[in-house]
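Single-structure report; data block below.
This one's a predicted model, so the numbers in the text were calculated from it and none came from an experiment. Just the heavy atoms: all of them, side chains too, but no hydrogens, waters or symmetry mates, feed the values below.
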Amino acid sequence: MAEVSLLNVAKTFGDTVAVEDMTMTVPDSAFVVLLGPTGVGKTTTLRLIAGLERPDRGDILIHGRSVVDETPAQRDVAMVFQQYSLYPHMTVRDNLAFPLRSPIHRLPEDEVARKVREVADVLRIAHKLDNKATALSGGEMQRVSIGRALVRDPAIYLMDEPLSSLDAKLRADLRVELKRVQASLGATILYVTHDQIEAMTMATHVGVLDAGRLVQFGSPREIYESPVSLYVAGRLGLPRINALPADLFPGAPAGARTVGLRPEHIRHGEGKPSRVVRIEHLGDQTRLHLMLEGHDIVTLTDVHTDLEPGDTVAIEPRNALYFDAAGARIA
Amino acid sequence: MSSFSVTEPSDRQKWIAGILVVGYALITLMPLIWILATGFKSSPDAIAYPPKVLFEPTLEGYVNLFTTQTRQTPEYLEANPPTTWYEEIVHDKGMVIAGPSRFGGRFLNSVIIGFGSTFLSVFLGTLAAYAFSRYRIPLKDDLMFFILSTRMMPPIAVAIPIFLMFRSLGLSDTHAGMILLYTAVNLSLSVWLLKGFMDEIPREYEEAALIDGYTRFQAFCKVVLPQATMGIAATAIFCLIFAWNEYAFAVLLTSGNAQTAPPFIPTIIGVGGQDWPAVAAGATIFLLPVMVFTILLRKHLLRGITFGAVRK
Ligand SMILES: Nc1ncnc2c1ncn2[C@@H]1O[C@H](COP(=O)(O)OP(=O)(O)O)[C@@H](O)[C@H]1O
Ligand SMILES: [Mg+2]
């Protein structure tokens with residue numbers, strides 16, 4: 001396992017800027033999650049590190065060694081692709097063994113068998129080892145894809161939205177599983193996703209991407225509590241942060257254009273009266289949709305609330321986040 | 001009790017479809033059946049009018065196809081009774097077998113040239129298609145168009161220059177010459193078909209192998225080729241069918257050493273005119289390799305000629 005750094009890395013495809021001036025360090029044994037919506041450059045970042053794309057500018061270091069001139073094989077990374085990484089013409093066992101049989105690894109067959117079995121057990125696909133890769137459910141395929149990476153012991157694991165095509169239950173299980181595997185192996189993982197729950201539950205560090213740029217990097221808590229911009233604030237937190245005109249409530253600092261209110265920033269009972277529009281019972285939480293002077297606000301309330309649509313609730317901000325006209329955080 | 005189903009046709013529909021299919025098959029198979037039958041007729045039966053549907057089958061045509069014969073005096077025939085079934089057939093006509101005919105050699109030429117050029121077309125086509133599919137090649141689209149454009153006129157249109165070229169290069173009537181020629185003609189089809197199949201194979205497959213420590217060539221062999229088998233099979237069948245059946249160039253460029261079966265079969269002359277049963281026997285045998293090849297690759301072909309539309 002090793003530390004991996006990107007220094008001012010940039011990559012464009014024709015007119016499309018996929019990655020722009022990215023500088024980031026994935027610490028040894030860290031679980032770094034890059035978060036951002038589709039098209040923001042997540043896959044490209046992983047491909048640059050893996051050596052499948054060549055950066056236009058900048059340097060990439062693995063273990064302190066510049067790797068931009070190395071082949072993917074020389075870089076000693078393992079990658080889980082967003083889609084299509086299982087070979088349909090092979091069994092699950094051969095798919096898992098494939099990386100271990102490559103000319104640079106070339107493990108003895110009994111060692112291969114042992115590792116394959118070990119990983120299959122961890123990912124609970126041992127009973128499917130002799131199936132054709134095409135005879136698996138989506139969740140099983142995804143687990144085999146992850147397994148193809150886990151059989152190896154590389155400098156870093158690169159994972160491209162490996163859970164995105166799974167149903168909610170399996171995703172939750174695999175989140176726990178991956179986190180456990182990472183902790184027990186002490187593995188360095190760079191994981192990209194657009195799913196904030198994956199970021200919050202697994203990451204030791206979260207990087208937020210916006211249009212090819214890394215806009216903030218820190219612990220999940222740091223990103224959540226002190227986002228550098230309205231964009232970052234909108235990436236984490238459910239329900240999503242409410243962005244309202246700063247002058248809606250008194251007490252905004254000078255220069256503030258927007259106030260960002262998460263549910264915990266909204267105190268009920270005092271302040272401005274707002275009308276209850278809708279109440280959503282989600283089981284573990286109850287969402288309150290409010291209307292205040294023409295602005296929609298979504299917040300949380302007591303799970304067993306007595307409120308009904310049409311009621312009036314007074315609200316005021318508490319420790320709110322303030323942003324300037326460009327969306328940058330000022331307080 | 002029958003119930004309506006979206007995917008399952010009703011019994012009546014099945015019957016109608018069955019009758020239509022059998023009817024169509026009979027119409028298209030008629031010439032084939034006729035040739036097959038003629039091969040087993042005697043010479044008089046083969047040219048009888050009205051045509052004979054029922055006849056006494058004989059292997060005379062096949063014996064004539066594979067042998068050359070000479071007429072002998074009754075005394076000689078008496079003194080040398082036939083020892084094998086085919087000698088007996090010939091004997092009854094007052095002839096003896098003088099030796100093998102040239103058909104075997106011509107057939108072998110067809111096999112060498114047909115399969116040789118098919119192998120070369122598919123081999124080169126696969127490599128070219130992979131390169132076109134995966135690498136950034138300057139003027140890629142123009143090159144692909146150029147390759148296609150070589151098939152925009154009938155190949156025979158360039159017969160004269162090719163004839164002259166072959167003569168000055170010493171390729172006339174050689175196996176190598178015919179293999180080269182058929183490969184050149186088939187290559188554009190092969191590259192285009194195979195590029196379509198290669199494009200369908202996600203490049204992530206090879207990239208995963210590259211990351212795992214395989215070389216590009218190993219990834220190609222272990223990952224791309226197995227994925228491309230049905231495309232390769234379909235392409236091979238198309239190439240073989242062209243090379244196997246090609247007539248015009250074969251007439252023009254081959255006469256003996258490398259002559260293939262198509263120009264040879266119509267020239268089979270028996271005693272007293274065209275030997276139709278022998279010609280039919282030759283045509284029947286000529287059909288076999290392509291049929292066997294196609295049946296062997298049928299599983300791949302059926303899916304292959306849909307050009308990857310039904311993958312997964
Ligand atoms: N090979 C490519 N050719 C052209 N454009 C590309 C290529 N790969 C990615 N892009 C573009 O780069 C941007 C970032 O893509 P990507 O890294 O795949 O984003 P993400 O994985 O975050 O969805 C997108 O606008 C995408 O269209
Ligand atoms: Mg992506």
Side-chain angles (χ1 to χ4, degrees), chain A residues 13-14 43 46-47 49-54 67 70-90 94-107 132-136 138 141 144-146 148-160, chain B residues 126 129-131 133-142 194 196-236 297 299-304 306-312:
Chain A
F13 296 103
T43 299
L46 295 189
R47 293 173 59 88
I49 297 172
L52 299 174
E53 305 284 355
R54 207 186 151 74
V67 295
E70 292 187 353
T71 64
Q74 290 167 333
R75 296 183 185 204
D76 189 28
V77 303
M79 181 154 169
V80 181
F81 286 80
Q82 195 165 1
Q83 48 189 343
Y84 309 120
S85 56
L86 295 192
Y87 302 133
H89 60 287
M90 295 183 189
D94 288 338
N95 265 287
L96 289 173
F98 190 76
L100 301 175
R101 290 178 179 149
S102 79
I104 59 164
H105 301 293
R106 211 186 284 276
L107 257 53
K132 265 274 162 65
T134 43
L136 298 179
M141 284 192 195
V144 178
S145 299
I146 296 171
R148 278 184 41 121
L150 292 184
V151 289
R152 290 185 43 198
D153 183 20
I156 185 170
Y157 294 101
L158 305 170
M159 302 196 177
D160 193 355
Chain B
T126 305
Y130 180 73
S133 171
R134 293 300 197 261
Y135 290 95
R136 274 184 217 122
I137 298 171
L139 301 179
K140 181 192 286 193
D141 293 344
D142 302 291
L194 285 166
F197 288 108
M198 294 288 177
D199 287 344
E200 289 271 311
I201 302 171
R203 50 174 74 213
E204 282 87 347
Y205 283 163
E206 299 133 77
E207 292 176 342
L210 290 182
I211 290 176
D212 287 335
Y214 290 87
T215 64
R216 170 71 70 169
F217 183 70
Q218 288 165 331
F220 175 76
C221 295
K222 282 183 192 287
V223 178
V224 179
L225 280 187
Q227 293 296 304
T229 43
M230 68 187 183
I232 290 173
T235 308
L297 298 183
K299 188 180 76 191
H300 300 298
L301 184 67
L302 274 181
R303 306 191 64 201
T306 58
F307 300 114
V310 289
R311 279 185 86 242
K312 282 164 213 162

Chi angles and distances behind the side chain to side chain contact (heavy atoms under 4.5 Å, CB included) call for L210(B), T71(A): CA-CA 8 Å; L210(B) 290 182; T71(A) 64; over 6 Å; no

Side-chain donor or acceptor of Y87(A) paired with backbone N/O of Y205(B) under 3.5 Å: yes

R47(A), part contacting chain B, at a heavy-atom distance under 4.5 Å: side chain

When R101(A), R106(A), Q74(A) are compared by non-hydrogen pairs under 4.5 Å with chain B, the top option: R101(A)

For chain B, the option from V77(A), L100(A), D76(A) that forms the most heavy-atom pairs under 4.5 Å: V77(A)

Heavy-atom closest contact (A73(A) atom, G213(B) atom, distance): CB-CA, 3.6 Å

Contacting region of L86(A) [heavy-atom separation from chain B under 4.5 Å]: backbone

Residue H89(A) versus chain B: region with a heavy atom under 4.5 Å: both

Residue pair M79(A) / I211(B): nearest heavy atoms and the distance that separates them: CB-CD1, 3.7 Å

F98(A) and Y214(B) aromatic ring geometry - parallel, tilted or perpendicular at 30°/60° bounds: parallel

Heavy-atom pair with the smallest gap, counting every atom of R152(A) and D212(B): NH1-OD1, 2.9 Å

